[in-house]
Amino acid sequence: MKCTTPTTTVALGNFTTRAHNVQGEVKVLSKSVLEISGFVYDGLGPAAYFWIDDSAVPSAAGERL
């Protein structure tokens with residue numbers, strides 16, 4: 001996944017809540033640092049991870065963090 005180093009913080013937006021009350025906002029702080037603020041998760045899911053992709057909808061080309 002390509003990422004250029006921003007000169008300032010870049011707000012990517014809010015999580016889309018699909019299940020387990022997931023909420024939060026994502027910002028890019030640098031080429032290798034994302035900031036997630038206001039994160040909410042009910043803890044009841046069978047697994048918790050982040051899926052990143054540079055398209056509007058995550059695909060097999062994305063990466064699981």
Side-chain angles (χ1 to χ4, degrees):
M1 186 170 160
K2 295 179 183 177
C3 180
T4 59
T5 303
T7 55
T8 60
T9 299
V10 177
L12 295 180
N14 295 316
F15 285 110
T16 300
T17 303
R18 299 190 188 278
H20 301 286
N21 196 35
V22 171
Q23 300 172 39
E25 181 182 10
V26 181
K27 296 177 183 173
V28 177
L29 301 184
S30 73
K31 182 178 178 179
S32 61
V33 178
L34 297 176
E35 176 184 80
I36 299 170
S37 59
F39 185 71
V40 174
Y41 166 61
D42 67 11
L44 300 176
Y49 54 87
F50 293 96
W51 189 266
I52 61 168
D53 199 338
D54 58 1
S55 66
V57 177
S59 68
E63 295 182 46
R64 186 171 133 172
L65 301 177

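Basis for what follows: all heavy atoms, side chains included, without hydrogens, waters or symmetry-related copies.
- Residues Val40 and Val26 are members of separate hydrophobic clusters, defined by side-chain heavy-atom contacts under 4.5 angstrom among Ile, Leu, Val, Met, Phe, Trp and Tyr.
- Residues Val28 and Leu34 meet the side-chain proximity criterion, which asks for heavy atoms closer than 4.5 Å.
- To the nearest 0.5 Å, the span separating OG1 on Thr8 from CG on Leu29 amounts to 10.5 Å.
- Residues Leu44 and Asp42 share a closest heavy-atom pair of N-OD1, 2.9 Å.
- Across Pro46 and His20, no two heavy atoms sit closer than the pair CD-NE2, 4.5 Å.
- In this structure Arg64 satisfies the side-chain contact (heavy atoms from CB on, under 4.5 Å) test together with Tyr49, Trp51, sequence neighbours excluded.
- Taking every heavy atom of both residues into account, Lys27 and Ala11 meet most closely at CG-CA, 4.0 Å.
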